[in-house]
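Each chain gets a letter, A, B and so on, in the order the sequences are listed, and its residues count up from 1.
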Protein chains: 2
Amino acid sequence: MSKPPISDPRRTLTLRDVSEASGVSEMTVSRVLRNRGDVSDTTRERVLEAARRLGYVPNKIAGALASQRVNLVAVIIPSLSNMVFPEVMTGISDTLEDTGLQPVVGVTNYSPDREESVLYEMLSWRPSGVIIAGLEHTDASQAMLAQAGIPIVEIMDIDGSPVDSAVGISHRRAGRQMAEAIIAAGYRNIAFLGTMMPHDHRARKRLEGFEEALAKAGLSLVEREFYSGGSALLKGREMTEAVLTRNPQVDFLYYSNDMIGAGGLLYCLSKGIDVPGQIGLAGFNGVELLDGLPRKLATMDACRLEIGRVAAEIIAGKHASGTIGGEVIELFPTLQKGDTIRG
Amino acid sequence: MSKPPISDPRRTLTLRDVSEASGVSEMTVSRVLRNRGDVSDTTRERVLEAARRLGYVPNKIAGALASQRVNLVAVIIPSLSNMVFPEVMTGISDTLEDTGLQPVVGVTNYSPDREESVLYEMLSWRPSGVIIAGLEHTDASQAMLAQAGIPIVEIMDIDGSPVDSAVGISHRRAGRQMAEAIIAAGYRNIAFLGTMMPHDHRARKRLEGFEEALAKAGLSLVEREFYSGGSALLKGREMTEAVLTRNPQVDFLYYSNDMIGAGGLLYCLSKGIDVPGQIGLAGFNGVELLDGLPRKLATMDACRLEIGRVAAEIIAGKHASGTIGGEVIELFPTLQKGDTIRG
DNA sequence: ATGAAAGCGCTAACAC
DNA sequence: GTGTTAGCGCTTTCAT
């Protein structure tokens, strides 16, 4: 197996090819292609023409190795299939757009081990920064993040200790606030319905805050129901039926996310249940997706777009605070009572 | 600004550090870390221990440059926010999982220019393959794909000429099939409702196929309605109201996707319209998400998971066909009549 | 089973 | 404004 000669048509083009085709040194070609340094207009034109004609695509691997600079930002999130992270991604992309930085997404499926290996893989490309969901990671992940020597932003949650910076909301507080609103509206027999996700720490914290506020009012959950897998809308419907059948005196259903909440809402409406008179409902996330439902589900916005935006600003070094790392930025979700909490 | 000395604690670790810490040559350390070649168990242990202790993360940039091998697969899709591409991603990730290849996602927002720049950016990292949605690209993109010298798989659609391989369904045929089913069920005053997306070629082809089949039956659309932006569910509701108000004799609503179809369905049900007796409805995609709706919307599955799986197999070189590139693999969606087409 | 030397394709730093 | 030189941190190849 001999090495292909310089004329092998299957070989990918190098700076040198553009240099030869344009009669300009590699260095100057490099300058033109990166818009760096002074290059005369005639030279620039000749180079660009040659590069275009040949169809040259620079090799960022070599460039990155030589310059010790990589324009990649690692973004590590649990899932892409639930509306919330895509919106965070949008915030990140929008902000990074004009910084020359590029997000690279890794998905962990809520598995800490998978997160660890995705992180390892991504760090091995020496990105300029890491945006990672949550504050809970394996010890090894924590160590890698701490060692990486680049800005790290942990997003979505601020109830805990970040490695570096954090941007998010307090889910514990969010749960508390929702409980308070529900209690204030006069509901007393409250059930929780969630997806079974041992590693969804944010849902867990919301539930903790929720129960804490119930306890303070001398109440406790009369029911809990967990499911996993399948269509969230359908699961919400099924769980709701199960809960209401088992426990007809339940007067409020608190869901861990809007999709299962919507399923529950559709179930209640189809059964002719008076919402929010007889039974109230609330979800979490404020997903715009659901705006077309017959009734607007009570929910709390998770500030997804804003979280993505701020995280990206920190990585890009253009966040208002100006400080270098170590900041915790708390965002404050608004409670939308919609049509499913009375009062 | 002097260059940090070898002892700078902020410098990221190199093979050399592991080599010194373990007293083993860089070359052997490299062998251990890549599981290549024969290394004695004692040496291997010493190296792994040192690497772990230091928290060494290999530099893939240097590795890729030296080996001319990159374990990345570029995946270029229009959007992450509509259920369909996340599912394709799942198919891709699942299949790539045990090949050592890693997907890297780029999002184009249905803009050909953005697609071109995302593609350029990704190719500059010299990936092992490209999976890209659609068959329509700018001339420059076409040229880059053709020149890249790596496997290219265009996905979702097969109505056109692929650069290399293609995996998808015929959207024209899908539109035709749906029209035939609708006509067979006796509907005659048919309206189309879609999102306004000049660059959504697949929706366009479905509509073309649909109208073609209508024409063959001596029919034509009595209404068309396009919207853009906002919550799909809400838009579907609004568009449906507009269409039915303007044209009360309409007896079938064909939507370009399931989400707006679901909005329309909810609208019809809330208005007490007899579905599918008085009015029938159909969407497209077969999104599982909607399974909890009061009635099951007629739709066609777009084979999303399977498309992702097959595309990844082709890139990984383990597709059944065994051929090297240039294959067009057509998948066949099944029409699910659900509860919204009579008969 | 292990090591030494030569690059991968580019850019930083310096000359001219 | 343009060219030259010396690496970036690894892996390939070949020697031992």
Side-chain angles (χ1 to χ4, degrees), chain A residues 1-6 8 11-48 50-51 54 56-71 100 123-126 149, chain B residues 1-6 8 11-47 50-51 54 56-71 100 123-127 149:
Chain A
M1 203 76 142
S2 76
K3 181 200 251 186
I6 217 76
D8 182 336
R11 183 182 60 89
T12 91
L13 271 22
T14 70
L15 259 192
R16 181 191 194 121
D17 296 302
V18 182
S19 165
E20 285 170 357
S22 63
V24 174
S25 78
E26 289 187 41
M27 197 52 233
T28 299
V29 171
S30 169
R31 288 194 181 95
V32 171
L33 264 21
R34 288 176 299 143
N35 280 316
R36 281 254 189 306
D38 292 329
V39 181
S40 73
D41 285 353
T42 38
T43 319
R44 152 168 289 106
E45 270 321 307
R46 266 207 294 170
V47 169
L48 288 177
L54 296 176
Y56 171 71
V57 177
N59 185 331
K60 288 225 179 197
I61 296 175
L65 183 61
S67 67
Q68 306 282 67
R69 232 190 306 285
V70 178
N71 71 335
L123 286 181
S124 73
W125 287 100
R126 300 291 187 266
Chain B
M1 204 76 142
S2 75
K3 183 199 250 187
I6 218 78
D8 181 337
R11 183 182 59 87
T12 92
L13 271 23
T14 69
L15 260 193
R16 182 192 193 122
D17 296 302
V18 182
S19 164
E20 285 171 357
S22 62
V24 174
S25 78
E26 290 187 41
M27 198 49 238
T28 300
V29 171
S30 169
R31 287 196 181 94
V32 171
L33 265 20
R34 287 176 298 142
N35 280 317
R36 281 258 188 305
D38 292 330
V39 181
S40 74
D41 284 352
T42 39
T43 319
R44 152 168 287 107
E45 270 320 307
R46 268 208 292 168
V47 169
L54 296 176
Y56 171 71
V57 177
N59 184 331
K60 288 226 180 196
I61 296 175
L65 184 61
S67 67
Q68 307 281 67
R69 234 190 304 285
V70 178
N71 70 336
L123 286 181
S124 74
W125 287 100
R126 300 291 186 265

Rounding to 0.5 Å, atoms CG (D17(B)) and OG1 (T12(B)) come to a distance of 8.5 Å
Tell me whether the OP1 or OP2 atom of dT2(C) has a side-chain N or O from S25(B) closer than 4.0 Å.
-> no
Does anything in residues 56-68 of chain A reach DNA chain D, meaning a heavy atom under 4.0 Å, and if so which residues?
-> L65(A), A66(A), Q68(A)
Toward the 5' end of DNA chain C, which comes first, G23(B) or R126(B), by nearest nucleotide?
-> G23(B)
Counting N and O atoms only, with roles assigned by atom type, does the side chain of S19(B) sit under 3.5 Å from a partner on the main chain of L15(B), one being a donor and the other an acceptor?
-> no
Minimum side-chain heavy-atom gap D41(B)-R44(B) below 4.5 Å | yes
Within this structure, what is the CG-to-P distance between D17(B) and dC10(D), rounded to whole angstrom?
-> 9 Å
In whole angstrom, give the distance that lies between atom CG of L15(B) and atom C1' of dT11(D).
-> 9 Å
Worked check of side-chain contact (heavy atoms from CB on, under 4.5 Å) between V57(A) and R126(B) | CA-CA 9 Å; V57(A) 177; R126(B) 300 291 186 265; 3.8 Å; yes
Check: residues 61-69 of chain B side-chain donor-acceptor pairs under 3.5 Å, at least two apart:
{"from": "S67(B)", "atom 1": "OG", "to": "G63(B)", "atom 2": "O", "distance (Å)": "2.8"}
{"from": "S67(B)", "atom 1": "OG", "to": "R69(B)", "atom 2": "N", "distance (Å)": "3.3"}

Expressed in angstrom and rounded to an integer, what is the separation of L13(A) atom CG from dC8(C) atom P?
-> 16 Å
Close residues, residues 31-48 of chain A, relative to DNA chain C [heavy-atom separation under 4.0 Å] | R31(A), R34(A)
Rounding to 0.5 Å, atoms OG1 (T43(B)) and CG (D38(B)) come to a distance of 11.0 Å
Whole Å only: how far is the CE atom of M27(A) from the C1' atom of dT4(D)?
-> 10 Å
Verdict with supporting geometry, V70(B) and W125(A), side-chain contact (heavy atoms from CB on, under 4.5 Å) = CA-CA 11 Å; V70(B) 178; W125(A) 287 100; 3.8 Å; yes
Could you tell me whether the phosphate oxygens of dC10(C), OP1 or OP2, come under 4.0 Å of any side-chain nitrogen or oxygen in S30(A)?
-> no
Round to the nearest Å and state the distance from N71(A) atom CG to dT11(C) atom P.
-> 12 Å
Judged by atom type as modelled, is there a donor-acceptor pair below 3.5 Å linking the side chain of S124(A) to the main-chain atoms of N59(B)?
-> no
Grab the CZ-C1' distance between R69(B) and dT12(D) for me, whole Å please.
-> 10 Å
Evaluate the side-chain contact (heavy atoms from CB on, under 4.5 Å) criterion for residues V18(B) and L54(B): first the C-alpha distance (whole Å), next the side-chain angles of each, then the deciding distance (0.1 Å), finally the verdict.
-> CA-CA 8 Å; V18(B) 182; L54(B) 296 176; 4.3 Å; yes
Please report, rounded to the nearest Å, how far the C1' atom of dC8(C) is from the CZ atom of R16(A).
-> 13 Å
